[in-house]
2 protein chains.
Amino acid sequence: MKQKKQTACIRVFANEKQLNSCKRRMEELRDPLGSVASALNLAGNEVRLKMLFLLKEEGELCPCDLSDILSMSVPAVSQHLRKLKDGDLVTTKKIAQTVFYALTPESEILLQPHFDFFTNQTVKSAL
Amino acid sequence: MKQKKQTACIRVFANEKQLNSCKRRMEELRDPLGSVASALNLAGNEVRLKMLFLLKEEGELCPCDLSDILSMSVPAVSQHLRKLKDGDLVTTKKIAQTVFYALTPESEILLQPHFDFFTNQTVKSAL
DNA sequence: GGGGTATTTAAGCATTTGCTTAAATACTTA
DNA sequence: TAAGTATTTAAGCAAATGCTTAAATACCCC
């Protein structure tokens, strides 16, 4: 709630000094927060979250397996995997012409609570 | 790696039965996984993650405070808040013409590990 | 070398996203 | 009632996204 241009909200940010302090805090967090946002953005696409989950469950999968499971075209799968790889959520291992994708350790840590959440949901609904 | 139309990957999904079993599992998880994806998608936008974090830190804030802190226009802030509210990540309380936004308990649980991650990052880099 | 397989990349398209400006809505006060 | 304040909504625009089809790249085998 703005009173005047010189002061901000009565309730929370009563003066400019407090506002600037808060801004500085956000500036300090800019890079780490940005990298979390980036990872969440990647995981927040339903197709990609499914892929990440399947990679967690199976350990590693190739694009054509993911294509079969998810009933999607191979190029579509590949484009999503490319984003995950560029975002450091997955790693690749090539054997002949087959590429296997797997979660990075970091992405596993980041995503485990969310996988737990929706796998626990299913268990609960079965009870 | 596809061998024939009738069988899938040699390495992981060696037959159609296994593939169908995996597909069924994904279908069971469709709704809970979808709702997690939806929340992550909302949080995965940098502006919105900043808002969610600020709401966690301050407890509640109005659009004009968020506008000041983030140096964004009020309508832009409002549009993001609308998405967060529709996605059940925030709740609203109105006092006169001022609306205060706050995290829902569920979003707090979902996001806390991520907030911890990037606030701990900052602490570590300060040491 | 040719043919086959697996994957990636390119290009095009429709849809979605996030910002801006303007207008509308909801509230308070003189 | 008019003026002021806070917020939401509408509309428009440029950019981004995710899919498709086609082409290119990388590998294997006869």
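Below, chain A is the first sequence line, B the second, and so on; all start at residue 1.
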Residue B/Lys94, side-chain heavy atoms: nucleotide from C/dA26, D/dT7, C/dT8 that is nearest
C/dA26
Check the distance between D/dT8's C1' and B/Lys85's NZ and give it to me in whole angstrom.
10 Å
I need the CD-P distance between B/Gln79 and C/dA22, as an integer number of Å.
15 Å
Whole-Å gap separating C1' (C/dT15) and CG (A/Asn45):
14 Å
Would a distance-only check, ignoring hydrogens and angles, find a side-chain to backbone donor-acceptor pair under 3.5 Å from B/Ser67 to B/Pro63?
no
Residues B/Lys23 and B/Glu27 bridged, charged N to O under 4.0 Å
no
Starting from the C-alpha separation in whole Å, work towards a yes-or-no answer on side-chain contact (heavy atoms from CB on, under 4.5 Å) for A/Phe118 and A/Leu49.
CA-CA 11 Å; A/Phe118 64 72; A/Leu49 188 61; 4.1 Å; yes
Would you mind reading off the distance between B/Asp86 atom CG and D/dT8 atom P, rounded to a whole angstrom?
11 Å
Is the distance from OP1 or OP2 of D/dA6 to the nearest side-chain N or O of B/Tyr101 less than 4.0 Å?
no
How close or far is atom C1' of C/dT29 from atom CD of B/Gln97, stated in whole angstroms?
10 Å
B/Met51 atom CE is separated from C/dG18 atom P, nearest whole Å, by 11 Å
Taking it one step at a time, do B/Phe53 and A/Arg25 satisfy side-chain contact (heavy atoms from CB on, under 4.5 Å)?
CA-CA 11 Å; B/Phe53 177 71; A/Arg25 170 105 165 112; 3.8 Å; yes
Please confirm whether the shortest side-chain N or O distance from B/Arg82 to OP1 or OP2 of D/dT9 is below 4.0 Å.
yes
Closest of C/dC27, D/dT20, C/dT7 to the A/Cys64 side chain is C/dT7
Salt bridge flag under 4.0 Å for residues B/Arg24 and B/Glu28
no
Quick one: is B/His80 getting a side-chain N or O under 4.0 Å of the C/dT17 phosphate, OP1 or OP2?
no
Tell me what A/Val77 touches on the nucleic acid: a base, only sugar-phosphate, or nothing, going by heavy atoms under 4.0 Å.
nothing
Closest to the 5' end of DNA chain C, once A/Val99 and A/Asn41 are matched to their nearest nucleotides, is A/Val99
Distance below 4.0 Å between A/Thr98 side-chain N/O and C/dA6 OP1 or OP2:
no
Counting only side-chain heavy atoms from C-beta out, which of C/dT7, C/dT21, D/dT20 sits nearest to A/Ala76?
D/dT20
Picking from C/dC27, D/dT9, C/dT8, which would you name as closest to the side chain of A/Pro75?
C/dT8
Check the distance between D/dG18's P and A/Met72's CE and give it to me in whole angstrom.
10 Å
OP1 or OP2 of C/dT7 less than 4.0 angstrom from a side-chain nitrogen or oxygen of A/Ser78, does that happen here?
no
Rounded to whole Å, the CG-C1' distance (B/Asp65 to D/dT7) equals 13 Å
